[in-house]
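What follows is a short report on a single structure.
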Amino acid sequence: KKGLTKTRETITEKIEKLVIGYADIDDDLLDELEEILIMADVGVNTTDNLMEAVRKGIKKKEINTPEDLKPFLAKKISELLTKDSDTTKIAKEGPTVILVIGVNGVGKTTTIGKLSNYYREQGKTVMLAAADTFRAAAIDQLEIWGERTNAKVIRHEENSDPAAVAFDAVKAAVARNVDILLIDTAGRLQTKSNLMEELKKINRVIQREIPDAPHETLLVLDATTGQNAISQAKLFTEAAPISGVVLTKLDGTAKGGVVIGIKAELSMPVKWIGVGEGVDDLRPFVAEDFAKALFE
Ligand code: GDP
């Protein structure tokens, strides 16, 4: 539940007030409900779909009073989110390679540190690759997370070829029989075509060593940017096949509804949520729990 407080405030408390404020369901109530969903960054299309479901529910007498709205929405949102939801793909043998992509500042490096910690706690060996070679600070940051979580870090000099780092890391991970290899990448969106070429090249060199890698490509998105996160996700789908989303900074934002939009509008499963800056502040995303937490 941690991290959802603000989103819950915008959605749940407002719906609560709405329910109390109306004796019957009428057009004004439905207009207000629509606005609440939009304000929580659920997304326009998803809001339209939810509103249509509500109208159908009213017709079918599944919703009879304003009180019925809360459980109805909780169920619908949970259904939306659990559709073909995935779990992390793990390699049958050899290292599981997880490529982590996203724009600078979204929390990519922190997420890698948290993931490293998560897998270490599961008793797995972890290696980190500093393929964001354009920022010396990012390389150093990754080194710190490596020390903190007891994971070896593969790094080259600043401005070296990111694909070369990825290649070395995959070779080292195979040679040392590491369980999980997490690869950090650069996220300079202003040079979109370069970024795409770079990601493609990284994928190519990884596959030279492990043909079915990367097993996961996680796109990190910042929940506080709301609908912007959705636009970013669309851009990245052109650069790499994304297998899942990590939504960071859900603590302290009211825009948690973006989780629903990502799933419903982009068909990308949200696999992890970041709920703070600490090493433990990463949670596997469980749709049902999320929907329940919103309406409790
Ligand atoms: P990168 O540029 O994408 O690698 O981003 P960083 O990992 O350096 O993170 C940018 C900032 O966001 C740092 O100050 C992090 O501590 C912070 N951050 C990352 N994840 C979260 C989160 O889930 N919640 C909060 N509140 N802050 C986060």
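Atoms within a ligand are numbered from 1 in the order they appear, just like the ligands themselves. Remember, predicted model here, so these are calculated numbers, not experimental data.
The single protein non-hydrogen atom nearest to atom 8 (O) of ligand 1 is Thr110 OG1, 4.2 Å, given as residue, atom name and distance. Of all protein heavy atoms, the one lying nearest to atom 22 (C) of ligand 1 is Gly276 O, 3.1 Å. For atom 3 (O) of ligand 1, the closest non-hydrogen atom on the protein side is Lys108 N, 2.7 Å. Closest to atom 10 (C) of ligand 1, if we only count protein heavy atoms, is Gly105 O, 3.7 Å. Protein heavy atom closest to atom 11 (C) of ligand 1, with residue, atom name and distance, is Lys249 NZ, 4.2 Å.
The two residues Ala23 and Pro66 come nearest to each other via the heavy atoms O-CD, 3.5 Å.
Remark: Asp212 does not engage Lys92 in a salt bridge, criterion side-chain N to carboxylate O under 4.0 Å. A salt bridge between Lys201 and Glu198 is absent, with no side-chain N of the basic residue lying under 4.0 Å from a carboxylate O of the acidic one. At a threshold of 4.0 Å, the pair Lys70-Glu16 counts as salt-bridged, since one of the basic side-chain nitrogens sits closer than that to a carboxylate oxygen.
For ligand 1, the polar-atom distance check against Asp251 finds a nitrogen or oxygen pair separated by under 3.5 Å. Not a single N or O atom of Leu250, backbone or side chain, sits closer than 3.5 Å to an N or O atom of ligand 1. Where the criterion is an N or O separation shorter than 3.5 Å, residue side chain and backbone included, Thr109 meets it with respect to ligand 1.
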Go through the steps to decide whether Phe285 and Val259 satisfy the test side-chain contact (heavy atoms from CB on, under 4.5 Å), and finish with yes or no.
-> CA-CA 10 Å; Phe285 178 70; Val259 172; 3.3 Å; yes

Kindly determine whether Thr133 and Asn159 satisfy side-chain contact (heavy atoms from CB on, under 4.5 Å), including the steps that lead there.
-> CA-CA 5 Å; Thr133 56; Asn159 293 322; 5.8 Å; no

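The hydrophobic cluster containing Ile90 also contains Ile206, counting ILVMFWY residues as joined when their side-chain heavy atoms lie under 4.5 angstrom apart, directly or transitively.
The main-chain N or O of Gly278 is found under 3.5 Å from a side-chain atom of Asp281 such that the two form a donor-acceptor pair.
Contacts with ligand 1 closer than 4.0 Å are made by no heavy atom of Thr111, backbone or side chain. Of the heavy atoms in Val275, only backbone atoms (N, CA, C, O) come closer than 4.0 Å to ligand 1.
Counted by atom type alone, Glu265 and Thr46 present one or more donor-acceptor pairs between their side chains at under 3.5 Å. A donor atom on one side chain and an acceptor atom on the other are found under 3.5 Å apart for Thr125 and Asp179.
Taking a cut-off of under 4.0 Å to the non-hydrogen atoms of Asn104, the atoms of ligand 1 that pass are 2 (O). Here is the list of ligand 1 atoms found below 4.0 Å of a heavy atom in Val106: 3 (O). Near Gly274, meaning under 4.0 Å from any of its heavy atoms, are these atoms of ligand 1: 23 (O).
Of the listed options Glu277, Arg135, Lys114, Lys114 places a heavy atom closest to atom 20 (N) of ligand 1.
Residue contacts with ligand 1: Val103 is included, with a non-hydrogen atom under 4.0 Å away.
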